[in-house]
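None of these values were measured; they are calculated from a predicted model. As a basis for the values below, the full set of heavy atoms in this structure was taken, side chains included, without hydrogen atoms, waters or symmetry mates.
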Amino acid sequence: MRADIVRLYRTVHSWTGIVTGLILFIAFYAGALTMFKEPLERWVTPPSAVTPLALERADELIAATLALRPNAARDFTLALEHGDGGVAGEQPLRLTWESMRYDPAPWSATLQPDGTVGIEQLDPSGVGMLVDIVHRTVGVPGDLDIGTMVTGVASALYVVALVSGVIVLLPSLVKDFLVLRVGRNLKRMWLDAHNIVGIVSLPFHIVIALSAVVFGLHDQIYDALDEAVYGGRMRTVMMESSPFRAVRKDPQPAAMLPPIEFLARAKALSPDFIPVRLEYHDANTRSATVRVWGHDPRRLVRREGFVLMSATSGAVIDTEYMPGHQGSWSAMVSAFFALHFGSFGGGVVRWTYFLLGLAGAFLFYSGNLLWIESRRRTERRAGGPVAQSRSTALLAAGTVGVCLGCVGGLSLTIAAGKWLNGLVTDLNAWHYGVYYAVFLASCAWAFARGAARAGSELLWMAAATTAAIPLTSLLALAVPGLGLWASTELIAVDLVALAGAAGFAGLARATGRRVQQGPRDSVWSGIVNPVSMKAAE
């Protein structure tokens, strides 16, 4: 391939990566954590004091709750710990619904052993939702649609970076593939690691980038399809394809079947379908419906699928969204979602996506570091002393501030969930406050201290905040009087956090050595050099 073409694509790859690198670091790091959003939420949620009851008593819970709170009949959910019709495991049978008065938190009802119903308004931590929102919007405050669009645009540029990066690597792909040269030349080692991670995870990145473009720019894509394909009738077409299209409203009272009957019928439709919750609409009327939500690890579906049934007769109304029973179009769309969210293949795929997400975050962080360091080599080739430009210094500070601020913010807000639970009135708001406080403080610290010093210091901060997660669990076991709690079932959360803290600590030590011993004309040098830190005019 001609050298000038390779240079052109190298320039395209570098600048598209620089423009989107910080955005995509946040999206990939938070996205990796969303693979285990549910365990994180359970980790910050105190154990329930309600005794677990057999699923056969779920209809008793529904009847007693609706007698006390008739407004819940419009829309409520019965959560299941197990979907096999057995006992509810360690979690109690629980009904949840939202008040028609638009209260900020949902209501919950549980059945006591003596048959009475306990009703309370939940104050969920929302840490899983925070991680998911940071992943989707990269933390852009305000309207979710704006943040999602930012992520979509960044993903579109990322597709360009992927294509140009592959073209750049083609000439040396065979010779240098999977070569990691460890030695004194840290820049060469980082470049080798960057190339290895990029090539090995290329299929994953292509799928994530293309699907993120669709998710992030879905409003614009739908508007274009509405005009070009549906002639302005897209909303009508979508309503006609709704699974509720065959349900006729009939407010006349009618008895409903017990929940265990719906689970049995869902099992008969698909033996590998694992129900996780039942969602009721218009309960105790002739038009009452129930959606049996669940998943099937063998199939490419959205995070969860469902089968719609009549709550009074048990007749199946719609299976368009049930794994294994979907039409061609629905199956294709579900596969698209599944490939992005990793909602197939069980734990193996979730762990794979988790590791690939972290590797992707490393890809963007290392890409920025490599580009910043390459400025020094370019200046040296031009002759004379190397003068780092102000833009290079600012980009370096922004890289360590944004990336490590995201890491520290997410880690600390997870750990804070146990400490703040029961002490604050709006735990969800505190989660957001802790995250943004750490993120913004890290960015300010990086610009005030400079990239070199802040790089090492913020890595130690990331290590400390991540270590706070397992240390909190350890304190819960060692000092019961603190009001904390720990669960052996969630020890994986603590072990992964401990491994992450060790990794950040190792990077902090290596970065500290480079600050003291690295080239003095580098932006990563901790020794202030009037020549190397000269601002470009």
* Asked: Is Arg277 paired with Glu304 through a side-chain N to carboxylate O contact shorter than 4.0 Å?
  -> yes
* Measure the shortest side-chain to side-chain distance between Val402 and Phe25 over non-hydrogen atoms and say whether it is less than 4.5 angstrom. => no
* Asked: Sequence neighbours excluded, which residues qualify as ring pair (Phe, Tyr, Trp, His ring centres under 6.0 Å) partners of Phe28?
  -> His205, Phe364
* Mind checking whether Val131 and Lys37 have side chains closer than 4.5 Å, heavy atoms only? -> no
* Would you say Trp107 and Thr96 make side-chain contact, with heavy atoms under 4.5 Å? -> no
* Close side-chain approach of Val493 and Phe36, heavy atoms under 4.5 Å -> no
* **More than 12 heavy atoms from other groups under 6.0 Å of CD1 on Ile491** => no
* Is any side-chain heavy atom of Asn421 closer than 4.5 Å to a side-chain heavy atom of Val44? -> no
* Asked: Under 4.5 Å between any side-chain heavy atoms of Tyr432 and Ile133, yes or no?
  -> yes
* **Trp351 and Met35, any side-chain heavy atoms less than 4.5 Å apart** => no
* Asked: Do Leu495 and Pro470 touch side chain to side chain, with heavy atoms closer than 4.5 Å?
  -> no
* Could I get the full list of side-chain hydrogen bond (donor to acceptor under 3.5 Å, both in side chains) partners for Thr151, not counting sequence neighbours? => none
* Who pairs with Thr465 by side chain to side chain contact (heavy atoms under 4.5 Å, CB included), at least two apart in sequence or on another chain? -> Ser411, Leu412, Met461
* Asked: Can you name the closest pair of heavy atoms from Cys403 and Leu22 and give their distance?
  -> SG-CD2, 3.8 Å
* **Residues that Trp293 engages under side-chain hydrogen bond (donor to acceptor under 3.5 Å, both in side chains), provided they are two or more places apart** => Glu279
* Could you list the residues that satisfy ring pair (Phe, Tyr, Trp, His ring centres under 6.0 Å) with Phe504, not counting sequence neighbours? => none
* Hey, would you say the Phe204 and Tyr353 ring centroids sit under 6.0 Å apart? -> yes
* Results of salt bridge (charged side-chain N to carboxylate O under 4.0 Å, His left out) for Glu38 - residues two or more places apart only -> none
* So which heavy atom on Thr466 is nearest to which on Val407, and how close? -> OG1-CG1, 4.4 Å
* Asked: For the residue pair Phe341 and Phe215, is the inter-centroid distance of their aromatic rings smaller than 6.0 Å?
  -> yes
